[in-house]
Number of protein chains: 2
Amino acid sequence: MRREGMKAERRMRCDMPAGDTMGPGGRVAEGPRIRVLVIDDHPIMRVGIAAIIQATRDMTAIAQAGSAEEALPLYEKHLPDITLIDLRLPGMSGVDFIRAVITRHPEAKFVVLTTYEGDEDIHQALEAGARSYIIKGMPHDALVSALRRVHAGGRFLPPPVTRALASRMPDSELSAREREVLLLMVGGRSNREIAAALGITEATVKCHVSVILMRLNVNDRTQAVVSALQRGIVHL
Amino acid sequence: MRREGMKAERRMRCDMPAGDTMGPGGRVAEGPRIRVLVIDDHPIMRVGIAAIIQATRDMTAIAQAGSAEEALPLYEKHLPDITLIDLRLPGMSGVDFIRAVITRHPEAKFVVLTTYEGDEDIHQALEAGARSYIIKGMPHDALVSALRRVHAGGRFLPPPVTRALASRMPDSELSAREREVLLLMVGGRSNREIAAALGITEATVKCHVSVILMRLNVNDRTQAVVSALQRGIVHL
DNA sequence: GAATCAATCCGACCAAAGTCGGAGCGAGCC
DNA sequence: GGCTCGCTCCGACTTTGGTCGGATTGATTC
């Protein structure tokens with residue numbers, strides 16, 4: 001039941017470490033303010049975000065939403081310069097929102113602000129089109145800097161984020177079927193139950209599980225579940 | 001490997017559903033303001049909390065801290081009326097902080113404000129002496145109400161919290177040893193590795209595992225890990 | 001069309017997980 | 001003392017999980 005596979009290769013993805021810490025109220029060329037749409041399901045967090053943005057002279061929070069569904073009409077109505085969005089939302093996820101908006105507005109700019117720092121979360125968000133990914137645990141300078149940099153057409157990925165991204169194994173990508181199996185594993189289902197649920201043989205399920213273990217670089221299903229959770233491949 | 005044990009009994013713990021939504025700036029007997037110490041590791045969240053508190057006429061945020069260690073001297077210096085604290089903090093946990101302060105100041109009042117709604121988290125916090133437990137996803141009225149109610153000597157536990165608490169199995173309590181084993185299980189260690197780590201036989205470990213499975217009311221170690229994580233018995 | 005690659009599928013084998021029944025030990029309680 | 005109760009401990013048995021080798025299919029490439 002133990003395995004000792006080893007990988008070495010790894011892949012970088014994005015640039016721009018940090019910097020540009022001007023702070024709220026810093027000297028900025030006076031012009032039209034950066035208009036920000038804020039999407040976060042925690043009301044208290046929204047208050048904090050809005051307070052920081054409003055306290056900064058060159059930006060303003062024009063609208064807020066507690067879910068992606070609620071935010072869609074707001075986006076169309078205001079067409080904000082930047083959308084600041086959390087990933088984990090009730091109903092439609094943040095990534096889904098980004099994808100949905102970007103297909104209609106390819107130049108839309110997104111900054112992700114979330115608590116989760118799993119490499120898969122980050123990967124998904126950037127893949128969807130986010131230009132910055134910052135963690136709620138960071139000082140608020142990071143938020144302000146990110147908004148400015150992205151508004152200027154750049155990207156903003158703090159060191160912890162790029163590090164998490166760099167730690168991604170190159171062959172981590174799971175097939176659709178494997179994802180399906182992994183989800184059931186996290187649900188605590190046995191191989192037999194998974195087989196029944198998917199209408200296949202238990203032997204086949206075991207094979208999928210083996211591949212998943214290899215791709216996640218772990219030894220057994222328990223480790224697979226933990227790893228998948230902390231990397232953000234599956235949730236809860 | 002399957003089990004079908006069943007429990008029925010359950011136990012209520014606390015009272016006070018909700019209410020008292022006066023909102024920021026509501027009419028309140030003018031007097032000395034409620035002096036609040038805020039402890040949260042997310043700077044942006046601290047800004048939001050402080051903004052809400054300051055916007056409410058009968059309370060004021062006198063100090064803030066990003067960790068329990070940092071907060072200890074602040075508590076002794078200011079002796080706040082209420083301490084508003086997150087559970088998951090870098091270093092010393094929120095519960096540990098509550099315990100530590102309450103042994104020296106038995107009348108200290110604590111309101112927990114966190115994102116985690118696992119029944120074990122809640123149980124631990126209340127056991128430690130917290131008088132209110134609110135979730136960051138709630139409207140800010142809840143925060144204000146909680147602070148007022150607790151300042152008045154009462155408690156404040158919103159329905160979702162009491163519900164989570166009520167869903168606790170009566171025999172969920174794990175022994176110290178079992179906790180230790182569970183922690184290693186979540187770490188993805190095999191029974192053999194756990195045995196080695198604890199200096200006992202693998203057979204003994206299996207016995208502990210069996211008991212843990214029974215107490216958590218699950219069938220296998222994978223479910224145990226998932227359940228322990230979402231209930232807040234162990235973290236990450 | 002041949003070759004390659006990846007995903008899906010399967011059965012037989014071995015090692016680990018989990019069950020069952022039982023034993024020693026300390027704290028607390030008539 | 002004699003009793004129970006809970007925690008810790010253990011070995012032999014059954015079930016499940018994971019490995020290995022191999023087969024099929026469909027898409028891509030040359």
Side-chain angles (χ1 to χ4, degrees), chain A residues 1-7 9 11 169-228 233, chain B residues 1-7 9 11 169-228 233:
Chain A
M1 190 176 274
R2 300 280 121 175
R3 229 169 280 96
E4 300 298 338
M6 202 36 58
K7 323 288 161 57
E9 195 186 336
R11 167 179 58 179
M169 285 295 156
D171 56 353
S172 295
E173 305 288 348
L174 300 182
S175 73
R177 195 62 157 174
E178 285 157 5
R179 234 164 235 286
E180 211 168 353
V181 172
L182 178 58
L183 207 61
L184 290 165
M185 292 202 303
V186 175
R189 322 286 289 268
S190 70
N191 287 340
R192 179 174 304 173
E193 290 170 324
I194 296 176
L198 299 181
I200 58 180
T201 313
E202 190 180 340
T204 307
V205 174
K206 290 184 176 184
C207 176
H208 286 304
V209 171
S210 279
V211 176
I212 293 172
L213 299 185
M214 186 194 56
R215 294 213 206 280
L216 264 47
N217 200 27
V218 295
N219 300 321
D220 56 39
R221 66 168 51 213
T222 312
Q223 293 181 351
V225 166
V226 174
S227 172
I233 299 176
Chain B
M1 189 179 274
R2 301 279 124 175
R3 226 171 281 95
E4 299 300 336
M6 202 36 58
K7 324 289 159 58
E9 194 186 337
R11 168 180 55 179
M169 286 295 157
D171 56 352
S172 295
E173 304 288 347
L174 300 182
S175 73
R177 196 61 157 174
E178 285 157 3
R179 234 163 237 287
E180 211 167 353
V181 172
L182 179 57
L183 207 62
L184 291 165
M185 290 202 294
V186 175
R189 322 285 291 266
S190 69
N191 288 341
R192 178 175 304 172
E193 290 170 325
I194 296 176
L198 299 181
I200 59 180
T201 314
E202 190 180 339
T204 306
V205 174
K206 289 184 177 186
C207 177
H208 286 304
V209 171
S210 279
V211 175
I212 293 172
L213 298 184
M214 185 194 55
R215 293 211 207 279
L216 264 47
N217 199 28
V218 295
N219 300 321
D220 56 40
R221 65 167 52 212
T222 313
Q223 292 181 352
V225 166
V226 173
S227 173
I233 300 175

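Naming: A, B, ... by sequence-line order, numbering from 1 per chain.
In terms of phosphate contacts, B/Thr204 brings a side-chain nitrogen or oxygen within less than 4.0 Å of OP1 or OP2 of D/dC10. For the pair A/Ser175 and C/dA6, the criterion of a side-chain N or O lying under 4.0 Å from OP1 or OP2 is not met. For B/Arg215, a side-chain nitrogen or oxygen approaches OP1 or OP2 of D/dC7 to under 4.0 Å. Listed pair A/Asn191 / D/dG17 meets the phosphate criterion, a side-chain N or O lying under 4.0 Å from OP1 or OP2. Neither OP1 nor OP2 of C/dG18 sits under 4.0 Å from any side-chain N or O of B/Ser210. Using a 4.0 Å cut-off, some side-chain N or O of B/Thr201 falls inside it from OP1 or OP2 of D/dC10.
Minimum interatomic distance between B/Gln223 and A/Gly188 (heavy atoms only, all atoms of both residues): NE2-O, 2.7 Å. B/Leu174 and B/Leu182 get closest at one heavy-atom pair: CD1-CD2, 3.6 Å. Residues A/Leu216 and A/Ile233 approach most closely at CD1-CD1, 4.3 Å, considering heavy atoms. In terms of heavy-atom proximity, B/Arg177 sits nearest to B/Ile200 at NH2-CG2, 3.5 Å.
Note: CG (A/Leu213) to C1' (D/dG17) measures 10 Å, nearest angstrom. In this structure, the CG atom of A/Asp220 is 14 Å from the C1' atom of C/dG18, given to the nearest Å. Atom CZ in B/Arg189 sits about 15 Å away from atom P in C/dA16, given to the nearest Å. What separates CG of A/Leu198 from C1' of C/dA7 is a distance of 15 Å, to the nearest Å. Protein atom NE2 of A/His208 is 16 Å distant from nucleotide atom C1' of D/dG17, rounded to whole Å. Straight-line distance from the CE atom of B/Met214 to the C1' atom of C/dG18: 14 Å, rounded to whole Å. Put simply, CG on B/Asn219 is 17 Å from P on C/dA17, counting in whole angstrom units. Rounded to whole Å, the distance from NZ on B/Lys206 to C1' on C/dG21 is 15 Å.
Listed candidates were D/dC10, D/dG18, D/dG17. Nearest to the side chain of A/Val209 is D/dG18. The side chain of A/Arg177 lies closest to C/dT8, out of D/dC9, D/dG17, C/dT8. Of the listed nucleotides (C/dC10, C/dA17, D/dG18), C/dC10 has the atom at the smallest distance from the side chain of A/Cys207.
Of the two residues near DNA chain C, B/Val211 and A/Glu178, the one whose nearest nucleotide lies more 5' is A/Glu178. Take the nearest nucleotide of DNA chain D for B/Glu202 and for A/Arg192: the residue whose nucleotide is more 5' is B/Glu202. Comparing B/Ile200 and A/Met185 by the nucleotide of DNA chain D that holds the closest heavy atom to each, the one mapping nearer the 5' end is B/Ile200.
Salt bridge annotation for A/Glu173-A/Arg215: absent, with no cationic side-chain nitrogen under 4.0 angstrom from a carboxylate oxygen.
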